[in-house]
Amino acid sequence: MQLPQTTSHVQHRIIDWFSTNARDLPWRSADRTPWGVLVSEVMLQQTPVVRVLPVWQEWLRRWPRPSDLAAEPSGEAVRAWGRLGYPRRALRLHAAATRISSEFDDAVPATVAELKSLPGIGDYTAAAVAAFAFGVRSTVVDTNVRRVEARLFSGTALPAPSLNAAEMQLAEALLPLDRETSVSWNAASMELGALLCTARSPKCAACPVRTDCAWLAAGEPEPTYQPKGQPWAGTDRQLRGAVMAVLRQAEHPVPRSLFFTPAVGLDGPAEDGDPPLQRLHALASDSTRLERILADLVHDGLAESSAAGLKLPG
DNA sequence: AATGCGTGGTT
DNA sequence: TAACCAAGCAT
């Protein structure tokens, strides 16, 4: 698909819609810092805004600069990560903060290439930080942008299972040449996908470009492929999560015997309200498997093993 | 490039 | 209610 790199009326309408409908998020405020933007982008990787908000506030209050985080053990980052999920992100953010403070004089770098060199920062996050923290013209393509562009221009219900070259070329062709307009387009197309052009039950009646949408014009055809599910019950991820919940809560090393010897009378199916150790015991019937999970967590740097037991890395 | 990695709200 | 899904990254 060949498109001019001038900003079309469709794009202007989305940008106009954004100017009056953008959420008032703290990492968008006038007094935002590049570090705050970077932390928000990493936290938002696969985690909804509402869960990120309180944790982001606490992180920025506690660690206003990269060097503040770098001065603490990585385990503190993991503990303060709370239940955002994928705790390796906390580890990588800590490692990124360490490199920013030592190699970049405590200032988040402004180029996509330098940002991508940091741990946990990939194509999307590097482009997003460059655009939203520094006003750089960069092609920001996240799951929201992909879905908006799939519906609006390709006429399909959902984008391909993974980002491909054609999609990237389309996104680059759509990026306004004007620097400030490109930043607005990036933020606006993401927000449209997050608020209206959602994966399930999109709010087309409120969409500023409903009359231009190829997917609506085609009669809202169904997705042509089956999204692959994310198995959970019985997976290593579930057990790893249960172990990490125990470690986050513990103030001292947890003796290995506590992992492998359930307290009597606490057996039964896992429930949401159970204390972390009880939940773990309900899941970990196979001690060989649990042994491997613990070793993996130590290997991944999410846990530290000593004679006293297991704890978050100090 | 297909897979593994947390968590909890929504449908 | 089980399945889907959320501002991805690294290997």
Side-chain angles (χ1 to χ4, degrees), chain A residues 22-23 25-28 36-56 78 81-93 95-96 115-133 138-148 157-165 171 186-195 197-202 223 225-248 270-273 276 279-280 283 292-293 296-297 299-302:
Chain A
R23 288 168 293 180
L25 301 171
W27 44 86
R28 288 175 175 167
V37 172
L38 173 55
V39 171
S40 79
E41 290 299 344
V42 174
M43 288 182 172
L44 288 164
Q45 292 167 2
Q46 302 282 280
T47 303
V49 166
V50 286
R51 287 223 313 275
V52 165
L53 277 168
V55 181
W56 183 89
V78 174
W81 196 252
R83 306 183 68 79
L84 290 185
Y86 295 148
R88 54 175 56 173
R89 290 183 292 165
L91 226 44
R92 290 175 179 152
L93 205 36
L115 286 162
K116 272 192 69 172
S117 79
L118 298 171
I121 311 297
D123 288 331
Y124 162 75
T125 306
V129 171
F132 303 139
S138 63
T139 309
V140 176
V141 184
D142 77 327
T143 187
N144 292 304
V145 171
R146 295 185 63 216
R147 191 173 52 249
V148 167
L158 295 173
S162 60
L163 181 60
N164 57 48
N186 282 327
S189 53
M190 279 180 67
E191 194 81 337
L192 187 71
L195 296 186
C197 197
T198 51
R200 288 180 293 179
S201 29
Y225 72 96
Q226 199 79 353
K228 54 175 178 174
Q230 305 175 39
W232 176 247
T235 61
D236 285 357
R237 269 199 295 182
Q238 184 187 31
L239 187 49
R240 283 170 63 104
V243 172
M244 291 307 298
V246 171
L247 298 185
R248 277 198 309 270
E271 292 172 24
D272 283 350
R279 278 191 61 76
L280 172 64
L283 294 170
R292 176 175 56 77
I293 295 292
D296 285 349
L297 289 174
H299 174 264
D300 292 346
L302 284 166

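All chains are named by letter (A, B, ...) in the order of the sequence lines, taking the proteins before the strands, and each is independently numbered beginning at 1.
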Legend entry - Donor-acceptor pair, side chain of W81(A) and main chain of M43(A), under 3.5 angstrom: no
Inset, instruction - Verify, without hydrogens or angle tests, whether R237(A) (side chain) and A233(A) (backbone) share a donor-acceptor contact under 3.5 angstrom. - result: no
Expressed in angstrom and rounded to an integer, what is the separation of [X] atom [atom1] from [N] atom [atom2]?
X	N	atom1	atom2	value
L91(A)	dC5(B)	CG	C1'	13 Å
D296(A)	dT11(C)	CG	C1'	14 Å
M43(A)	dC9(C)	CE	P	16 Å
H299(A)	dG4(B)	NE2	P	17 Å
L118(A)	dG8(C)	CG	P	19 Å
N164(A)	dA1(B)	CG	C1'	13 Å
L163(A)	dA2(B)	CG	C1'	15 Å
L44(A)	dC9(C)	CG	P	12 Å

Between [M] and [N] - [atom1] atom distance, rounded Å:
N	M	atom1	answer
dA6(C)	dG6(B)	C1'	12 Å
dA2(B)	dA7(C)	P	23 Å
dC5(B)	dC5(C)	C1'	16 Å

Legend entry - DNA chain C: 5'-proximal contact among R28(A) and R92(A) (nearest heavy atom): R28(A)
Legend entry - Which residue lies more 5' along DNA chain C, comparing I121(A) with L25(A) via nearest heavy atoms: L25(A)
Legend entry - Spacing of OG1 belonging to T47(A) relative to CZ belonging to R83(A), to within rounding of 0.5 Å: 12.5 Å
Inset, instruction - Starting at CZ of R240(A), measure out to CG of L280(A) and round the result to the nearest 0.5 Å. - result: 13.5 Å
Inset, instruction - Salt-bridge test for D296(A) and R292(A): reply yes if a basic N is under 4.0 Å from a carboxylate O, no otherwise. - result: yes
Inset, instruction - Could you tell me which non-hydrogen atom of V49(A) sits nearest to which non-hydrogen atom of R23(A), and how far apart they are? - result: CG2-NH1, 3.7 Å
Inset, instruction - Looking at every strand, decide which applies to T143(A) at a 4.0 Å heavy-atom threshold: base, sugar-phosphate, or nothing. - result: sugar-phosphate
Inset, instruction - Quick one: label W81(A) by what it contacts on the DNA or RNA (base, sugar-phosphate, nothing), any heavy atom closer than 4.0 Å. - result: nothing
Give a yes-or-no answer on whether the side chains of [X] and [Y] include a donor-acceptor pair shorter than 3.5 Å.
X	Y	answer
R147(A)	T198(A)	no
Y124(A)	E41(A)	yes
R92(A)	Y86(A)	no

Legend entry - B/S/- contact track for nucleotides 6-11 of chain B, protein heavy atom under 4.0 Å: BBSBBS
Legend entry - Under-4.0 Å side-chain N/O to phosphate OP1/OP2 contact, R147(A) with dA6(C): yes
Legend entry - R28(A) side chain near F132(A) side chain, heavy-atom distance below 4.5 Å: no
Inset, instruction - Give, ordered by number, those residues of residues 122-132 of chain A having at least one heavy-atom distance below 4.0 Å to an atom of DNA chain C; if nothing qualifies, reply none. - result: G122(A), D123(A), Y124(A), T125(A)
